[in-house]
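Order of listing sets the numbers, starting from 1, for every ligand and every atom in it.
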Amino acid sequence: MGTTGRSTLTSKWIKTKVLMKSSEISPLIPETVRFGRENLKTMLQKYGMVYIKPERGTYGNGVMRAETDRESGRTLYQYQSGTKLKKMTDFEAFYQSLKKQTRSRSYLIQKGIVLLKHKDRRFDLRVMVQLSPKGKWETTGMIGRVAQSGKIVTNYHNGGKPTSIEKLLSPHMDTAKQAYLIHRLKKLGEDIGRFYHKKNLGFKQLGVDVGLDRTLTPWIIEVNTNPDPYIFNQLKDKSMYRKVMSYRRALKKRKA
Ligand SMILES: Nc1ncnc2c1ncn2[C@@H]1O[C@H](COP(=O)(O)OP(=O)(O)O)[C@@H](O)[C@H]1O
Ligand SMILES: [Mg+2]
């Protein structure tokens, strides 16, 4: 990669591998490997539940959730794609069925995070990080996204509902814990921005997808380099939306 880098990067594999080099950030990245028979076996043994997704995907398209279970002494395999669920008892048949879904595209397997739920729907968070007009990485917005009932992805373009963070967090923790978590997310976003910068990737804006499990660990699910700012316009309070858009305009001017 050149010294100026490039402002966007689609490969989730490369973006993950770079972040793994940071000893501060890497503990928050769910283990990620390439899709294949042996990796699938090992990851399921290790985690019981994994997400399988295109290396270069968007909008939650092609994302699957696979898990193993034991039922009356034997292992059961199942996966969900969209709202369809498939169950199998034979690992090879299971692997072949998943492989067919990938249609020979490059796919990744990632440790599955058991996402917190809001009214029985999974949710995750989007942390928006932008280079400020002064050239400093700054977290400019945070929003939650609630999956459609029964769905495994929270993406707006997949029916996910943008929701304020406070509304989603309050049922799970008191206000002191919320404040601490929000502070931690803000710093995490900026740490990620600075680290990529140090590695000479010329990103200017990042949208970090963060999943919370019951321990409230902020797991980094993926980092988007061309994040949608308009999701923030879905909130009643327009202050974040205005800030995100003003930083965006400043970045555009700088480029010109
Ligand atoms: N490892 C994971 N654990 C839990 N949920 C995940 C995981 N990976 C993806 N998801 C869910 O699927 C959504 C889409 O996955 P993501 O990796 O962000 O790909 P995309 O580029 O399609 O947005 C995430 O926002 C999250 O809701
Ligand atoms: Mg995403």
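Here the protein heavy atom with the shortest distance to atom 3 (N) of ligand 1 is I113 N, 2.9 Å. Looking from atom 20 (P) of ligand 1 to the surrounding protein, the closest heavy atom is E222 OE2, 3.3 Å. Residue, atom and distance of the protein heavy atom nearest to atom 17 (O) of ligand 1 are K53 NZ, 2.8 Å. Nearest non-hydrogen protein atom to atom 5 (N) of ligand 1 is Y51 CZ, 3.3 Å. Protein heavy atom in closest approach to atom 14 (C) of ligand 1: N155 OD1, 3.3 Å. The closest protein non-hydrogen atom to atom 19 (O) of ligand 1 is K12 NZ, 3.3 Å. Among protein heavy atoms, atom 27 (O) of ligand 1 sits closest to D124 OD2, 3.0 Å. The protein heavy-atom contact nearest to atom 22 (O) of ligand 1 is G60 N, 2.7 Å.
Ion pairing of E55 with R34 is present here, as a side-chain N (NZ or NE/NH1/NH2) and a carboxylate O approach within less than 4.0 Å. The pair E24-K187 meets the salt-bridge criterion, with a side-chain N (NZ, NE, NH1 or NH2) lying under 4.0 Å from an Asp/Glu carboxylate O. A salt bridge is defined here as a Lys NZ or Arg NE, NH1 or NH2 lying under 4.0 Å from an Asp or Glu carboxylate O, and E92 with R37 meets this definition. D174 and K177 are not joined by a salt bridge, as no carboxylate oxygen comes within less than 4.0 angstrom of a charged side-chain nitrogen. Here E138 does not pair with K186 in a salt bridge; the nearest charged N to carboxylate O distance is not below 4.0 Å. Ion pairing between K87 and D69 fails under the 4.0 Å rule for side-chain N and carboxylate O.
Protein atoms that are N, O or S and lie under 2.8 Å from the Mg ion (ligand 2) are these: D209 OD2, E222 OE2.
Y95 and F91 have parallel rings, their planes meeting at less than 30° on a 0 to 90° scale where 60° marks the start of perpendicular.
Residue N224 places no N or O, backbone or side chain, under 3.5 Å from any N or O of ligand 1. Between V63 and ligand 1, no pair of N/O atoms sits closer than 3.5 Å. On a distance-only criterion, G57 and ligand 1 share at least one N/O pair closer than 3.5 Å.
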Test side-chain contact (heavy atoms from CB on, under 4.5 Å) on I182 and I165 and set out the steps. CA-CA 9 Å; I182 288 172; I165 293 243; 4.2 Å; yes
Take F94 and Y77 through the test ring-ring contact (aromatic ring centres under 6.0 Å, His included) and record every step on the way to the result. CA-CA 7 Å; F94 174 67; Y77 301 95; 5.1 Å; yes
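I152 counts as a contact of ligand 1, since one of its heavy atoms falls under 4.0 Å from the ligand.
The distance from ligand 1 to the heavy atoms of T154 drops below 4.0 Å at these ligand atoms: 25 (O), 27 (O). Numbered from 1 in the order shown, with element, the atoms of ligand 1 that lie under 4.0 Å from a heavy atom of K111 read 1 (N), 2 (C). Close contacts of ligand 1 with V153, meaning ligand atoms under 4.0 Å from a residue heavy atom, involve 12 (O), 13 (C), 27 (O). Residue R145 has at least one heavy-atom neighbour below 4.0 Å for each of these atoms of ligand 1: 25 (O). Set against the non-hydrogen atoms of Y59, the atoms of ligand 1 under 4.0 Å away are 22 (O).
Q234 and Y241 share no donor-acceptor pair across their side chains, judged by distance under 3.5 Å alone.
A side-chain donor-acceptor contact under 3.5 Å links Q80 to the backbone of G82.
Closest approach of L185 to P218, counting heavy atoms only: CD2-CB, 3.7 Å. Contact between Y196 and L206 at its shortest, heavy atoms only, is CD1-CD1, 4.1 Å.
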With a cut-off of 3.5 Å and sequence neighbours excluded, list every side-chain donor-acceptor pair involving residues 109-123.
{"residue": "Q110", "atom": "OE1", "partner": "K53", "partner atom": "NZ", "Å": "2.7"}
{"residue": "Q110", "atom": "NE2", "partner": "T32", "partner atom": "OG1", "Å": "3.1"}
{"residue": "R122", "atom": "NH1", "partner": "K151", "partner atom": "O", "Å": "3.1"}

